[in-house]
Each structure stands twice: as C-alpha cells, then as structure tokens.
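Numbering of residues begins at 1 and proceeds along the displayed sequence. Not measured: the values here are computed from a predicted model.
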Amino acid sequence: MKQLHSRLPHVGTTIFSRMSALAGQHGAVNLGQGFPDFACDPKLVDMVTTAMREGFNQYPMGTGAPVLRQAIADKVARIYGHQYDVNTEITITPGATEALTTAILCSVHPGDEVVVIEPAYDSYMPAIELAGGVPVLVQMEVAPHGGYSVPWARLAAAVTPRTRMIVINTPHNPTGSVLRAADMAALADIVRGTDILILSDEVYEHMVFDEERHESVCRYPELAERSFVVSSFGKTYHVTGWKIGYVAAPAMLMAEFRKVHQYNVFSVNTPMQHGIASYMADQAPYVELPAFYQRKRDLFRRGLEGSRFELLPCDGTYFQCVRYDRISSQSEAEFAEWLTTEVKVAAIPVSAFYRDGQDSGIVRFCFAKKDETLALALERLARV
C-alpha cells in the first residue's frame with residue numbers, strides 16, 4: 001500500500017499536548033495548557049443530570065436545541081445589542097475549534113487569502129490549508145516594556161483583491177491583549193466596501209479585566225453583517241472537557257456554515273445543551289466571571305513581583321505572558337522545557353503560535369487554577 005499523501009504534512013502533536021505530557025512525566029505544576037483544575041458549579045452538573053433523566057438523550061436538531069439557541073440570542077441581545085434570529089443565525093457546535101474550522105471550510109476556496117494575526121491560536125492555519133486557502137500573516141507589535149497591539153496599517157496593506165477573510169481573536173490567546181473600540185473602527189475601515197468576511201474568535205468574551213468591556217463584533221452592525229462570531233461554554237463555565245460552543249452569523253453565512261457542519265459532526269451532546277440552557281437563566285456566572293479571573297490574575301502577578309520575570313500586560317483571558325531574558329538566553333521552547341523539567345512548572349512558548357516559530361523570549365502561563373496550585377507554582381518560579 002502506498003503511503004498516504006498528507007493534507008497537513010507540517011502538522012504534528014500540538015504544543016499543548018506535548019507540554020502537558022512533559023508536565024505529567026516530571027510532576028510539574030501544569031500552567032501550560034489552558035484549562036481549569038477546579039470544578040464547575042455543581043448546579044450545572046445537576047441540570048445536565050436532570051436533562052438526562054427527563055429523556056433528552058437522543059439526537060437533537062443538527063443546528064442545536066432551540067432552547068439553547070434562544071438563550072444565546074437573548075444573552076447576545078442583552079449584552080451587545082445585536083439580535084440574531086434563533087432559527088437561522090445561531091448554531092451549536094462541539095467546541096469552538098469545530099466552529100472555527102467549519103467557518104473557514106464553508107467560505108474559503110482554493111487560492112483565497114486569509115489574513116491571520118500572529119501570534120495565533122494553532123487551529124487557524126491548518127483549517128485554512130485544508131480549505132486550500134493562503135494564509136497571509138500579520139504580526140502583532142510588542143513594545144519593549146509593554147504589551148501586544150495590532151498594526152492596523154500593516155494589516156490594511158496586506159489586504160488584496162484575493163482576500164476572503166480576516167481572522168481576529170479578542171480577548172487574545174496567547175497574549176492576553178484585548179481589542180478596543182479604536183481597533184474595531186480600524187477593522188471596519190479596512191473591510192468597508194469589500195466582500196471580506198470576518199471570523200471573530202471570542203471564546204474568552206467574559207474574561208476582560210479592569211472594568212473594560214468586551215468589544216464583540218456584535219456591537220458593530222457594519223462588522224456583524226459580515227462576521228462569524230465564535231464563543232465557548234467550556235471557557236465560560238469551567239467545563240473545557242464538555243467541548244460545547246456556538247457560532248452566530250447572518251443567515252446567508254449561516255446557511256453555508258450549516259452545510260459543512262451537518263456532514264462534519266451533525267449534532268452536539270443533547271443533555272448538555274439542555275442543562276446549559278437552564279443554567280443560562282442565571283446571568284451571574286458569566287457576569288461575575290471577569291472579577292473571578294481578575295483576582296487570580298492579580299494573585300499571579302503579585303507572586304512574580306520582584307522575580308526576574310518581566311510581566312507583560314494582561315487585559316483579558318486567563319493567560320499571563322512573561323519575558324525571561326534576565327534569566328536565560330535559551331529559545332522559548334528550550335526555556336519552557338527547562339522550566340517544566342527542572343523548576344517543575346509548565347509553560348507554553350509563545351513561538352508555538354507563529355508559523356515560523358518566531359522567538360521573542362516570551363512564555364505563557366495559565367492562571368485558571370486553584371489558589372493552592374498557583375501558590376505552589378509561584379513559590380517555585382520566584383526562586384528562578
């Protein structure tokens with residue numbers, strides 16, 4: 001039998017899986033992969049259990065349980081002021097990654113260009129390649145003693161007649177930066193008068209700190225009318241292993257999205273959809289989430305004050321980036337491995353979020369952990 005010709009010849013095991021495995025092998029505190037080590041609200045589990053016992057155990061509608069789509073539409077309208085049609089503009093997905101991939105596959109044709117802002121979450125590029133698209137990379141700027149920002153003039157210059165889509169991510173993984181109103185205005189200026197689509201990865205939408213607001217594209221009708229908006233219940237409700245999210249988009253875009261979705265996964269776990277829909281009747285869990293994670297961010301940052309790590313700004317997500325040039329001249333990958341094996345704290349090299357592996361002397365920690373987990377990690381990091 002001939003060897004299979006790979007559709008993704010340059011793709012291997014993700015950095016998240018590799019670093020988590022290394023952390024387990026060496027007994028390190030895993031601040032690498034982005035998942036909580038604490039339990040979700042027991043009420044949510046009870047609501048899913050109730051849904052199972054009430055018989056919600058067979059295939060749901062491929063587009064998602066109507067009760068959950070209605071809850072999402074109500075939340076988006078209440079927070080962002082945009083009303084999506086429950087029947088034609090919202091689809092439930094098995095996690096955000098499927099939503100992101102399907103949005104790309106349904107709209108990008110061979111030869112189409114897709115502008116991606118680096119550092120970028122690692123699922124974007126493979127999806128573009130599978131669609132036959134051409135990634136056009138625009139790198140964020142990082143100030144010598146500051147944070148990351150999008151160079152909108154450079155991004156505008158990267159747009160050509162072949163540009164089909166621009167991918168944005170706010171709050172941003174891995175940098176912890178957020179887009180603000182001025183960024184949205186710059187994006188609107190770039191796409192105005194074109195047929196360019198926007199894929200807006202907003203899975204950390206409820207983790208924006210210091211009383212700033214999340215600038216969803218849903219707030220901007222001019223952007224919403226051309227955008228796929230992706231979010232994640234796994235991130236919001238501390239249940240990343242449930243793999244359930246959603247995408248919202250205008251009906252014309254959603255019709256194409258659903259064509260691919262139905263033959264990719266068809267449907268999503270039924271009792272979890274009904275349980276989450278019931279849980280969403282209480283707004284407190286996501287309204288209070290910014291304060292919950294800001295406290296953990298502040299705890300983590302205080303723990304590294306006076307250390308040789310240089311803290312970059314963290315305006316959102318549950319990730320903290322740090323420079324380590326006062327500690328080591330190793331590459332990011334080498335330093336992350338050294339931290340994991342010798343210091344016993346796992347981190348992720350930010351170079352993993354660049355196609356060419358660009359090295360900036362920065363690694364990313366996840367602070368979505370129990371306070372005692374963070375305390376142990378900080379004790380070890382402070383000695384470095």
Side-chain angles (χ1 to χ4, degrees), residues 14 16 20 30-41 44-45 48 64 68 71-72 75-76 79-80 90-101 103 120-124 167-179 199-209 212-218 228-248 268-269 272-273 275-277 279-280 282-297 300 314-321 348 353 364-370 373:
T14 71
F16 311 107
S20 287
N30 189 356
L31 302 189
Q33 194 168 2
F35 62 87
D37 69 345
F38 48 83
C40 68
D41 187 345
L44 177 55
V45 176
V48 172
L68 181 54
I72 293 166
K75 185 198 82 165
V76 171
I79 297 177
Y80 305 126
I90 295 173
T91 299
I92 310 304
T93 60
T97 300
E98 190 265 337
L100 294 163
T101 299
Y121 183 62
D122 67 347
S123 81
Y124 303 158
V167 183
I168 65 171
N169 174 205
T170 184
H172 187 261
N173 177 18
T175 70
S177 62
V178 301
L179 298 183
L199 175 54
S200 188
D201 179 352
E202 303 183 15
V203 300
Y204 300 99
E205 62 174 315
H206 298 299
M207 301 173 206
V208 178
F209 309 137
E212 294 284 344
R213 75 175 192 174
H214 169 54
E215 295 295 342
S216 173
V217 296
C218 298
F228 296 95
V229 183
V230 175
S231 192
S232 164
F233 293 115
K235 301 294 192 298
T236 300
Y237 293 139
H238 317 307
V239 287
T240 59
W242 288 13
K243 293 299 294 177
I244 183 166
Y246 66 88
V247 59
V268 180
N269 187 299
M272 287 180 179
Q273 290 193 58
I276 289 171
Y279 192 68
M280 287 183 72
D282 181 6
Q283 301 173 39
Y286 58 81
V287 169
E288 296 170 0
L289 199 62
F292 174 83
Y293 274 122
Q294 182 171 330
R295 188 189 68 79
K296 288 188 176 292
R297 178 202 68 173
F300 190 75
C314 173
D315 298 320
T317 74
Y318 45 49
F319 300 117
Q320 174 66 60
C321 286
I348 296 291
F353 297 84
R364 188 202 77 178
F365 294 111
C366 173
F367 54 79
K369 308 296 178 183
K370 298 174 185 174
T373 303

Less than 6.0 Å separating the ring centroids of F353 and H172? no
Is it the case that the ring center of Y204 lies less than 6.0 angstrom away from the ring center of Y318? yes
If every non-hydrogen atom of [X] is compared with every non-hydrogen atom of [Y], which pair is closest and at what distance?
| X | Y | value |
| --- | --- | --- |
| A99 | V230 | CB-CG1, 3.8 Å |
| C321 | T175 | SG-CA, 3.9 Å |
| V268 | P94 | CG2-N, 3.5 Å |
| I244 | I276 | CG2-CD1, 3.6 Å |

Would you say the side-chain atoms of [X] and [Y] include a donor-acceptor pair closer than 3.5 Å?
| X | Y | result |
| --- | --- | --- |
| D315 | S177 | no |
| N173 | T317 | no |
| S216 | E202 | yes |

Within 45° cone and under 6.0 Å: R297 NZ/CZ vs F367 ring: no
Is it the case that K75 places NZ or CZ above or below the six-membered ring of Y286, under 6.0 angstrom from the centre and within 45 degrees of the axis? yes
Measure up the Y124 and Y121 rings against each other and bin them: parallel (under 30°), tilted (30 to 60°), perpendicular (over 60°). perpendicular
Aromatic plane relationship, F292 with H238 - under 30° parallel, 30 to 60° tilted, over 60° perpendicular: tilted
With the side chain counted from C-beta on, respond yes when Y293 and P36 share a heavy-atom pair under 4.5 Å apart, and no when they do not. yes
Are V229 and V247 side-chain neighbours, meaning at least one heavy-atom pair lies under 4.5 Å? no
Which of R213, E215, E205 passes side chain to side chain donor-acceptor pair (under 3.5 Å) with Y80? Answer is E205
K296 NZ to C314 SG distance, which is reported to the nearest 0.5 Å: 13.5 Å
Short side-chain to backbone donor-acceptor contact, R364 and G32, under 3.5 Å: yes
